[in-house]
Protein chains: 2
Amino acid sequence: MEDVLALVREHGGRVTSSRRLLLEALFDSPGHRTAEELAETVQAQAPDIALSTIYRNLEELEKLGVVVHSHLGHGPATYHLSEGAHCHFVCQDCGTAVEAPDELFTTLADAARDRYGFEIDTRHFAILGRCANCRKGNEP
Amino acid sequence: MEDVLALVREHGGRVTSSRRLLLEALFDSPGHRTAEELAETVQAQAPDIALSTIYRNLEELEKLGVVVHSHLGHGPATYHLSEGAHCHFVCQDCGTAVEAPDELFTTLADAARDRYGFEIDTRHFAILGRCANCRKGNEP
DNA sequence: GTGCTTGCAAACGTTTTGCAGACTC
DNA sequence: GAGTCTGCAAAACGTTTGCAAGCAC
C-alpha cells in the first residue's frame with residue numbers, strides 16, 4: 001500500500017487523498033469490484049470524489065501494474081490487485097464466477113503457442129459457460 | 001436463406017425487406033460483422049433501414065438459432081451465421097482474430113466439467129492474448 | 001383487420017473527455 | 001510556481017426501448 005504510493009511518486013504522480021482511499025478500498029476487499037462499487041466505498045469516506053476520478057486513478061494504477069481489470073461477461077468491468085489475478089469461469093445464466101487455477105490452461109496455452117504462436121491471457125476476459133446448478137435446470 | 005425465411009414465418013414472424021436484406025448480408029460475407037457493418041451493407045440497398053431494426057432482427061434470428069454473436073474483446077459484438085461458429089483467439093495489441101478449432105479445448109472442457117461441473121462455451125467470448133507478430137515486438 | 005414490424009428519437013449503462021479551479025511537491 | 005489532479009458536466013459508445021405509423025398476412 002505504501003509501496004504503491006511510492007511507486008506512484010516515482011512515476012511523477014502525486015499522492016492525493018482519492019488515490020489513498022482507492023488503494024485502501026482495493027486492499028481491504030480483494031474481490032472483483034466494479035468502478036462503481038469502488039467509488040461507493042471511497043465515497044463513504046469522502047463523498048465528493050467523482051466517479052471519473054476513480055476511473056482515472058484505476059487507469060493509472062493499471063499502467064503501473066498494480067491493478068488489473070477483467071471482463072466477466074456483459075456488464076461493467078471488475079478491478080482487482082494484480083497479485084491475485086486468475087482466470088474465471090462465469091455462468092451465462094446466473095452470473096456466478098468461479099476462479100479457475102492456471103494449471104487448467106497449460107494444455108491449451110501450449111497448443112496455442114505451438115500451433116499459432118499465440119500467447120493466451122485467460123485473465124483479462126472470463127471464459128463463459130454454464131455452471132453445474134444451471135445445467136441441472138435450476139433457477140438461475 | 002429461403003429456409004430461414006420459412007422458419008421466421010413458422011414462428012409467426014413476417015418476411016419483410018429488411019429481414020431479407022439482412023440475411024443476404026449475412027450469407028454473402030460470412031465473416032465477423034458488427035451490427036453497424038451489417039447496417040451499412042443493408043443500407044447500401046435500402047438507406048431507410050434503421051440500425052435499431054438491424055439489432056431487432058439480429059436478436060430474432062439469434063432466438064431462432066440462425067445467428068450467433070461473439071464478443072471479440074472490447075468494442076462492438078460481431079454477428080455471424082451459427083453454422084460456422086468457432087472459438088477465437090484475439091490479439092490484445094492488434095485486434096487480429098484467429099479461429100481456433102474446437103479440439104484445442106477438449107482438455108480444458110473436460111477438466112472444467114469434471115472438476116467444477118462447468119460446461120464451457122468458448123464461442124461466445126473470445127480468448128484474448130498476444131499474437132506471434134506482436135510478441136516479436138512488431139508494430140500492431 | 002390483426003398484430004407484427006418499422007423509423008425515429010430518446011434513453012440506457014459504462015466509460016471517457018474538456019475544462020477551470022485546486023492541489024501536491 | 002510548475003505541473004499534476006480534481007469535480008463537474010457533457011460527450012462518447014454500443015445497444016435498447018417507447019411510440020405512432022406502416023406493412024405482411
Side-chain angles (χ1 to χ4, degrees), chain A residues 2 4-23 25 32-40 42-43 45-64 67-79 95 124-126, chain B residues 2 4-23 25 32-40 42-43 45-64 67-79 95 124-126:
Chain A
E2 290 307 319
V4 175
L5 292 173
L7 189 66
V8 168
R9 239 185 299 243
E10 254 174 58
H11 283 76
R14 275 90 206 258
V15 174
T16 63
S17 54
S18 70
R19 248 160 234 193
R20 210 177 268 280
L21 287 168
L22 175 58
L23 278 171
H32 313 114
R33 323 209 40 211
T34 65
E36 193 133 14
E37 285 163 359
L38 288 165
E40 270 169 38
V42 167
Q43 285 162 356
Q45 307 211 27
D48 279 355
I49 290 178
L51 187 52
S52 57
T53 300
I54 302 290
Y55 276 107
R56 283 192 266 231
N57 283 341
L58 284 170
E59 192 188 353
E60 197 222 3
L61 290 171
E62 198 151 15
K63 238 179 249 161
L64 296 178
V67 161
V68 293
H69 75 273
S70 334
H71 299 275
L72 307 183
H74 301 104
T78 60
Y79 293 80
H124 189 191
F125 276 80
Chain B
E2 290 307 319
V4 175
L5 292 174
L7 188 67
V8 168
R9 240 185 298 244
E10 256 174 54
H11 283 77
R14 275 89 205 258
V15 174
T16 62
S17 55
S18 70
R19 249 160 234 192
R20 210 178 268 281
L21 286 168
L22 175 58
L23 278 172
H32 313 113
R33 323 210 39 213
T34 65
E36 194 133 13
E37 285 163 1
L38 289 165
E40 269 170 39
V42 166
Q43 284 163 355
Q45 307 210 27
D48 279 354
I49 290 178
L51 186 53
S52 58
T53 301
I54 301 289
Y55 275 108
R56 283 193 266 232
N57 283 341
L58 283 170
E59 193 187 354
E60 196 222 4
L61 290 172
E62 196 151 16
K63 238 180 247 159
L64 296 178
V67 161
V68 293
H69 75 274
S70 335
H71 299 274
L72 307 184
H74 301 104
T78 59
Y79 294 80
H124 190 191
F125 275 80

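Order of the sequence lines fixes the chain letters, A, B, ..., with proteins taken first and strands second; residue numbering starts at 1 for each chain.
- Using a 4.5 Å heavy-atom cutoff, the side chains of B/Ser18 and B/Val42 are not in contact.
- Atom CZ of B/Arg14 and atom P of C/dT6 are 11 Å apart (whole Å).
- No option in B/Val68, B/Leu61, B/Leu58 other than B/Leu58 meets the side-chain contact (heavy atoms from CB on, under 4.5 Å) test with B/Tyr79.
- Within the nucleic acid shown, B/Arg56 comes within 4.0 Å of at least one base atom, counting heavy atoms only.
- At the heavy-atom level, A/Thr34 lies nowhere under 4.0 Å from the strands shown.
- One can place CD of B/Gln43 at 11 Å from C1' of C/dG7, the figure rounded to the nearest angstrom.
- One can place OH of B/Tyr55 at 16 Å from P of C/dT6, the figure rounded to the nearest angstrom.
- One can place CD of B/Glu60 at 18 Å from P of C/dG3, the figure rounded to the nearest angstrom.
- Considering only side-chain N and O atoms, B/Thr53 lies under 4.0 angstrom from the phosphate OP1 or OP2 of C/dG7.
- For A/Leu58 and C/dT15, the CG to P distance is 10 Å, given to the nearest whole Å.
- Checking the phosphate oxygens (OP1, OP2) of C/dT6, a side-chain nitrogen or oxygen of B/Arg19 falls inside 4.0 Å.
- At the heavy-atom level, B/Leu51 lies under 4.0 Å from base atoms of the strands shown.
- Comparing A/Ile54 and B/Tyr79 by the nucleotide of DNA chain D whose heavy atom lies nearest to each, the residue mapping closer to the 5' end is A/Ile54.
- No option in B/Thr78, B/Leu22, B/Leu51 other than B/Leu22 meets the side-chain contact (heavy atoms from CB on, under 4.5 Å) test with B/Leu38.
- Closest approach to the A/Val15 side chain among C/dT5, C/dC25, C/dG7 is made by C/dC25 (side chain taken as heavy atoms from C-beta onward).
- The separation between B/Glu10 atom CD and C/dC4 atom C1' is 17 Å, rounded to whole Å.
- Heavy-atom contacts of chain A under 4.0 Å fall on DNA chain D between two terminal nucleotides, which in 5' to 3' order are D/dG3 to D/dC8.
- The line from CD of A/Glu60 to CZ of A/Arg19 is 4.0 Å long, rounded to the nearest 0.5 Å.
- Between A/Phe125 and B/His74, the closest side-chain pair of non-hydrogen atoms falls below 4.5 Å.
- The phosphate of C/dT6 (OP1 or OP2) has a side-chain N or O of B/Thr16 nearer than 4.0 angstrom.
- Atom CD in B/Glu59 sits about 12 Å away from atom P in C/dT5, given to the nearest Å.
- Heavy-atom contacts from other residues, nucleotides or ligands closer than 6.0 Å to CD of A/Glu62 number more than 12.
- One finds no salt bridge joining B/Glu40 and B/Arg33 here, because no Lys/Arg side-chain nitrogen approaches an Asp/Glu carboxylate oxygen to under 4.0 Å.
- Straight-line distance from the CD1 atom of A/Ile49 to the C1' atom of C/dC23: 13 Å, rounded to whole Å.
- Taking the nucleotide of DNA chain D with the nearest heavy atom to each of B/Ser17 and B/His71, the more 5' of the two is matched to B/His71.
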